[in-house]
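This report refers to the structure that appears directly beneath it.
Just so you know, these numbers use all the heavy atoms, side chains as well, and skip hydrogens, waters and symmetry mates.
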Amino acid sequence: MVKIDKQQWKAAYFERLVGFMTEFPKCMLVGVDNVGSNQMQKIRLQLRGEAELLLGKNTMMRKCIRDNLESFPDYEKLLPFLVGNVGMLFTKGDLSDLRDKL
């Protein structure tokens, strides 16, 4: 497997996040403290087809949101909450149904 350099990895991450922000009209932040990898894998399987869970570097998430504020002004409200172990859950469905699954 070929490892890509940091710059390419960051560009791919930004592209993926902007793609999710464009494709999915709803977003929810989820805390992932004290969640094991096996439990996380089961959650991702449950969400498959309904939602996308994006985890990553908070600094990169903030930068991507700030760079795209004119296209997505509502995401500015999330910036103060991107602290610690958090992920972004994107969906087209009902957020309360997904919250109950989590």
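More than 12 heavy-atom neighbours from other residues, nucleotides or ligands sit within 6.0 angstrom of CD on Gln8. At most 12 non-hydrogen atoms from other residues, nucleotides or ligands lie less than 6.0 angstrom from CD of Glu15. In this structure, Asp33 places its CG atom where more than 12 heavy-atom neighbours from other residues, nucleotides or ligands lie under 6.0 Å away.
Rounding to the nearest 0.5 Å gives a distance of 7.5 Å between CG of Leu95 and CG of Leu89. Note: Met60 CE to Leu17 CG = 9.0 Å, rounded to the nearest 0.5 Å. A distance of 6.5 Å separates CE in Met61 from CG in Leu55, rounded to the nearest 0.5 Å. Distance check: Glu52 CD to Phe24 CZ gives 5.0 Å after rounding to the nearest 0.5 Å. Distance check, rounded to the nearest 0.5 Å: CE of Met21 to CD1 of Ile65 gives 5.5 Å.
Closest approach of Gly56 and Tyr13 over heavy atoms only: CA-OH, 3.5 Å.
Inter-residue side-chain proximity for Leu53 and Met40 is flagged as met; some heavy-atom pair is nearer than 4.5 Å. Between Val86 and Phe81 the shortest side-chain heavy-atom distance does not fall below 4.5 Å.
Residue pairs that meet the side-chain hydrogen bond (donor to acceptor under 3.5 Å, both in side chains) test with at least one member in residues 55-81, sequence neighbours left out, are Lys63-Asp67. Among residues at least two apart or in separate chains, salt bridge (charged side-chain N to carboxylate O under 4.0 Å, His left out) pairs with a member in residues 40-51 are Glu50-Lys101.
Put simply, the side chain of Lys26 never gets that close to the backbone of Asp94: no donor and acceptor are under 3.5 Å apart.
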